[in-house]
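The first residue of the sequence shown is numbered 1, and numbering continues consecutively from there. Because the structure is a prediction, the values reported are computed rather than measured.
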Amino acid sequence: MPKIPATPAIQADSGRWKALIFIALAQLMVVLDATIVNIALPSAQQDLGISDGNRQWVITAYALAFGGLLLFGGRIADLWGRKRTFITGLIGFAAASALGGAATGEAMMLGARALQGAFGALLAPAALSLLAVTFTDAKERAKAFGIYGAIAGGGGAVGLILGGFLTEYLNWRWTFFVNIPFAIVAAVGAYLVVREPEGTRNRSALDIPGVILSTLGLVSLVYGFTRAESAGWSDAGTIGLFVGSAVLLLAFVLTEAKVKSPLLPLRVLTDRNRGGVYLSLGLAVIAMFGLFLFLTYYLQVVKGYTPVKTGFAFLPMIAGMIVGSTQIGTRLMTRVPPRLLMAPGFLTAGVGMLLLTQLEIGTSYAGLILPAQLLLGLGMGTAFMPAMSLATLGVDPRDAGVASAMVNTSQQVGGAIGTALLNTIAASATTAYLTDHASGATTPAAQKLLQLQGMVEGYAAAIWWAVGILALSATIAFVLINTGKPGTGQVAGSGADVDDEVKIPVVAH
């Protein structure tokens with residue numbers, strides 16, 4: 001095999017580690033928002049008079065705008081400049097959060113959530129692509145993505161703690177207002193210290209048909225899974241959304257293969273390693289989102305924990321993610337191929353998930369839930385870190401934004417699938433259990449106990465599926481991802497002169 005020349009080195013930005021602080025802070029804000037509003041939703045619904053039928057739209061409006069516009073946001077970052085897009089996204093997200101916190105009715109709240117999602121779709125891919133083009137030395141990249149991966153994996157659990165505190169001791173409006181100081185500090189810091197390398201923009205004309213097809217296709221897909229959770233998988237509207245999504249996304253792929261300047265160059269997807277990352281990461285997020293949902297309900301409804309206590313109960317998972325990402329993943333990333341971190345990481349998380357299939361009403365937190373969370377955190381942290389780095393490694397610098405957007409898209413779609421699919425499985429198992437055991441519950445106390453037992457049975461059944469999904473994720477990572485360990489020099493995406501061809505990272509095959 002002929003020797004492939006390394007991408008020419010460039011002078012490293014002296015402020016890159018300061019830049020990482022503000023990029024990570026912005027990422028934390030976006031990830032926090034995915035769970036913090038869930039804790040506040042019951043209080044917000046009551047204050048604003050939102051009906052039970054419409055309360056899901058507080059979550060759905062954000063998810064549709066965020067998931068649907070991610071590819072567009074990634075392309076805007078490549079075209080307009082990642083630093084400029086990043087700061088614009090932060091300012092817009094803060095303004096939308098202020099609007100949500102000040103909401104006086106249902107329409108104002110739903111509009112604010114959709115705006116948050118739209119600006120989040122600018123912010124998230126800009127943040128990851130800034131990281132990709134700023135940290136080009138293999139060892140430094142490992143450290144930077146270790147920190148970023150820990151935040152991406154553990155931020156959701158931090159959101160549960162913060163959401164519990166704010167809702168219990170202040171009020172639900174502060175779950176929105178808390179974003180404003182995060183955004184201001186990150187925007188000012190980014191303006192002062194972030195330096196985007198020269199020659200990394202993609203100034204080609206915007207692919208308008210691609211924007212329309214991808215946005216409508218992704219919105220239809222995310223809404224299809226959201227609708228399936230409430231209306232059922234056999235509902236005509238749910239099926240119609242899935243069919244429409246398939247048609248739109250197929251048309252999008254065909255369009256991208258023909259246009260001169262595609263929104264999503266197919267080379268980004270067809271690379272074996274990046275494709276393996278997107279697929280395995282999306283599947284892992286399916287399992288994780290279901291777990292957050294079930295454990296939150298189990299701890300609050302079955303065990304009677306307060307929102308704050310529930311948030312603190314997730315601390316072992318956060319600790320595990322930080323250790324897995326910054327210690328295990330970072331230290332080993334330059335020594336072993338990525339698949340030997342990702343596959344064992346997903347399997348370790350699967351063992352933690354397997355422990356949780358043993359949940360019962362009287363399960364000990366210290367005896368089962370705590371060790372299960374530690375394994376989940378360690379496994380996910382170890383796997384997320386190389387996944388985040390590999391998703392943008394070797395990509396043409398002009399495509400860094402849209403490649404980063406694909407990471408977020410796989411996570412967003414995975415989250416929508418996880419919530420809908422695992423919740424449906426749990427509800428079906430609970431119904432079956434209650435039907436089989438209803439005759440034995442003849443007193444109010446027995447009926448209440450039966451309800452709790454039915455809930456736990458449902459959670460356990462869904463968690464078994466999550467175990468299988470993590471095993472599949474590990475298999476895909478091991479089979480598809482075949483790149484060797486990163487070299488110690490510059491990697492592609494360093495901002496050197498850009499050709500029409502995809503840059504190939506310096507790796508040992």
Side-chain angles (χ1 to χ4, degrees), residues 9-33 73-99 101 115-116 118-137 139-152 155 158 162 176-203 326 330 388-389 392 397-398 400-401 403-405 407-408 490-491 493-496:
I10 61 168
Q11 184 67 38
D13 176 16
S14 59
R16 60 195 179 281
W17 291 108
K18 291 179 183 177
L20 174 62
I21 294 171
F22 301 111
I23 294 170
L25 186 64
Q27 172 66 9
L28 178 61
M29 181 186 71
V30 172
V31 177
L32 281 175
D33 200 74
R75 179 65 181 88
I76 288 295
D78 288 335
L79 173 66
W80 198 33
R82 296 171 191 95
K83 176 178 176 177
R84 186 184 298 175
T85 305
F86 181 71
I87 293 172
T88 302
L90 281 167
I91 294 169
F93 200 91
S97 297
L99 192 66
L115 275 176
Q116 273 189 307
F119 283 107
L122 281 179
L123 178 58
L128 183 55
S129 57
L130 272 175
L131 211 62
V133 298
T134 299
F135 290 92
T136 57
D137 176 79
K139 288 187 177 180
E140 288 194 350
R141 186 180 177 94
K143 292 177 183 178
F145 276 88
I147 295 167
Y148 190 89
I151 290 171
V158 175
L162 190 56
F176 288 90
F177 291 146
V178 74
N179 289 329
I180 298 172
F182 274 99
I184 291 172
V185 171
V188 172
Y191 179 78
L192 294 175
V193 304
V194 169
R195 298 287 180 268
E196 187 175 354
E198 294 293 328
T200 61
R201 289 194 194 178
N202 184 346
R203 300 182 186 276
T326 63
T330 299
M388 290 289 181
S389 178
T392 53
R398 297 179 306 168
S404 302
V407 178
N408 290 284
Q490 296 288 114
V491 296
S494 60

Under 4.5 Å between any side-chain heavy atoms of Phe177 and Ile180, yes or no?
yes
Which atoms form the tightest heavy-atom contact between Ser129 and Arg82, and what is the distance?
OG-CD, 3.1 Å
Please round to the nearest 0.5 Å and tell me the distance separating atom CD1 of Ile23 and atom OG1 of Thr134.
5.5 Å
Can you name the closest pair of heavy atoms from Gly73 and Pro125 and give their distance?
C-CG, 4.0 Å
At their closest point, which heavy atom of Arg16 faces which heavy atom of Phe135, and how far apart are they?
O-CZ, 3.3 Å
Is the centre of the Phe86 ring less than 6.0 Å from the centre of the Trp80 ring?
no
Applying side chain to side chain contact (heavy atoms under 4.5 Å, CB included), run through Leu20 and Lys143 and close with a yes or a no.
CA-CA 10 Å; Leu20 174 62; Lys143 292 177 183 178; over 6 Å; no
Show the nearest heavy-atom pair for residues Ala126 and Leu122, with the distance to one decimal.
CB-O, 3.3 Å
Side chain to side chain, Gln27 and Leu131, heavy atoms closer than 4.5 Å
no
Taking the side chain as every heavy atom from C-beta outward, state whether Asn179 and Gln116 have any atom pair closer than 4.5 Å.
yes
To the nearest 0.5 Å, tell me how far Leu90 CG sits from Thr85 OG1.
11.0 Å
About how many Å separate CD1 of Ile91 and CZ of Phe119, when rounded to the nearest 0.5 Å?
9.5 Å
For Val194 and Ala19, the nearest pair of non-hydrogen atoms, with its separation, is CG2-CB, 3.8 Å
Would the distance check show the side chain of Arg195 and the main-chain N or O of Leu192 forming a donor-acceptor pair, the cut-off being under 3.5 Å?
yes
In short, Glu140 meets Trp17 closest at the heavy-atom pair O-CH2, 3.7 Å
